[in-house]
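As the structure lists them, so they are numbered: ligands from 1, and atoms in each ligand from 1. The basis for the numbers below is simple: all heavy atoms, side chains too, and nothing from hydrogens, waters or symmetry mates.
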Amino acid sequence: MSSNPPKPEESLALYVQRLRNHLGLSQQELATKAGLHVQSIGKLERGHTRGLKRKTQQGLAYALGVPESYLAAACKGITVEETEDALKICPHCWKPGHPPEQHWLDRRAKYCFLCGESLRNSCESCNAVITSLKHRFCPYCGTAYRSGSKE
Ligand SMILES: [Zn+2]
Ligand SMILES: [Zn+2]
C-alpha cells in the first residue's frame, strides 16, 4: 500500500480525483472496484459529498489503496496527524460500529458534551491508543472500548 495522504487544505473531492488519476482509473472503473455507483463518484468529485458513509469510505479506501483514516481526514479538512491523535470517544455514549461524534474529535475537547464523562483516546486497561473504531475491543488486550457494554 503506497502512503499517499491528503495534502493540507486538499478537499475530499480533489483528493479522490488525484488518487484516481494517479492509478489511471476512470470514474467507472473506480466505482466498480469500490462497489459504488458511478454517480456517487461523480458527485463526490464535484464536491457534492460532505460526509462519507462507512460503506463508501471502506470501498473507496480499498479501491484507492489508502487507509480509511486518510479519506476521513480529507473529509473533515484536517491533516492525517490530527486525525490520529484526535480519535477520541466517550466510553458511555459511543456506540460500536458508529462514527464518533464531531464534538469529541475537537482537539480541545476533554469531556463528553452529552454526559460529561472524560473522553478517552486510549484503552483504559493497557493504554494502547485507539487508532480505529472498526473494532469495538482493544486489539491488544481485548478490553471493550465502551464501558458497561453488554455486547
Ligand atoms: Zn458521553
Ligand atoms: Zn487494551
Side-chain angles (χ1 to χ4, degrees), residues 1-20 22-23 30 33-37 39-41 43-151:
M1 192 182 279
S2 64
S3 180
N4 207 345
K7 295 172 186 157
E9 309 294 311
E10 191 170 37
S11 69
L12 178 67
L14 291 173
Y15 181 50
V16 169
Q17 206 168 17
R18 178 163 67 84
L19 291 175
R20 182 173 63 75
H22 179 75
L23 294 169
L30 175 64
K33 208 171 161 196
L36 302 167
H37 286 290
Q39 288 94 328
S40 311
I41 305 288
K43 218 174 118 192
L44 206 156
E45 289 192 5
R46 285 196 302 277
H48 292 191
T49 306
R50 300 231 162 249
L52 286 177
K53 293 206 186 83
R54 288 229 35 187
K55 229 186 100 192
T56 313
Q57 186 170 299
Q58 281 172 342
L60 275 177
Y62 163 75
L64 295 168
V66 293
E68 278 185 58
S69 62
Y70 286 8
L71 292 171
C75 218
K76 294 193 211 100
I78 56 178
T79 62
V80 170
E81 289 73 28
E82 281 174 309
T83 14
E84 303 293 350
D85 69 12
L87 193 53
K88 292 197 293 279
I89 56 161
C90 168
H92 286 303
C93 305
W94 174 65
K95 292 185 191 70
H98 289 257
E101 297 281 346
Q102 281 302 320
H103 291 271
W104 299 337
L105 300 178
D106 189 305
R107 303 197 91 188
R108 293 157 301 176
K110 287 193 173 61
Y111 303 98
C112 176
F113 68 106
L114 293 168
C115 74
E117 177 74 22
S118 297
L119 296 175
R120 187 176 291 168
N121 65 359
S122 58
C123 170
E124 64 173 337
S125 161
C126 73
N127 267 328
V129 174
I130 302 172
T131 53
S132 168
L133 290 177
K134 261 186 285 187
H135 312 291
R136 52 183 64 190
F137 302 102
C138 171
Y140 301 99
C141 71
T143 303
Y145 286 145
R146 183 179 154 91
S147 52
S149 173
K150 290 187 190 71
E151 292 164 288

Seminar exercise, completed: Here the vertex angle at the Zn ion (ligand 1) for SG of Cys112 and SG of Cys115, given to 10°, is 110°

For this session: Examine His92 and say whether one of its N/O/S atoms is closer to the Zn ion (ligand 1) than 2.8 Å.
Result: no

Problem set entry | Atom pair CG/NZ of Leu60 and Lys33 - distance to nearest 0.5 Å | 11.0 Å

For this session: Could you tell me whether a side-chain N or O of Lys55 sits under 3.5 Å from a main-chain N or O of Leu36, the two making a donor and an acceptor?
Result: no

Exercise. How wide is the angle at the Zn ion (ligand 2) between SG of Cys141 and SG of Cys123, to the nearest 10°?
Worked result: 100°

For this session: Using modelled atom types only, decide if a donor and an acceptor are shared between the side chain of Gln57 and the backbone of Arg54 within a distance under 3.5 Å.
Result: no

Exercise. For the side chain of Arg146 and the backbone of Trp94, is there at least one donor-acceptor N/O pair under 3.5 Å apart?
Worked result: yes

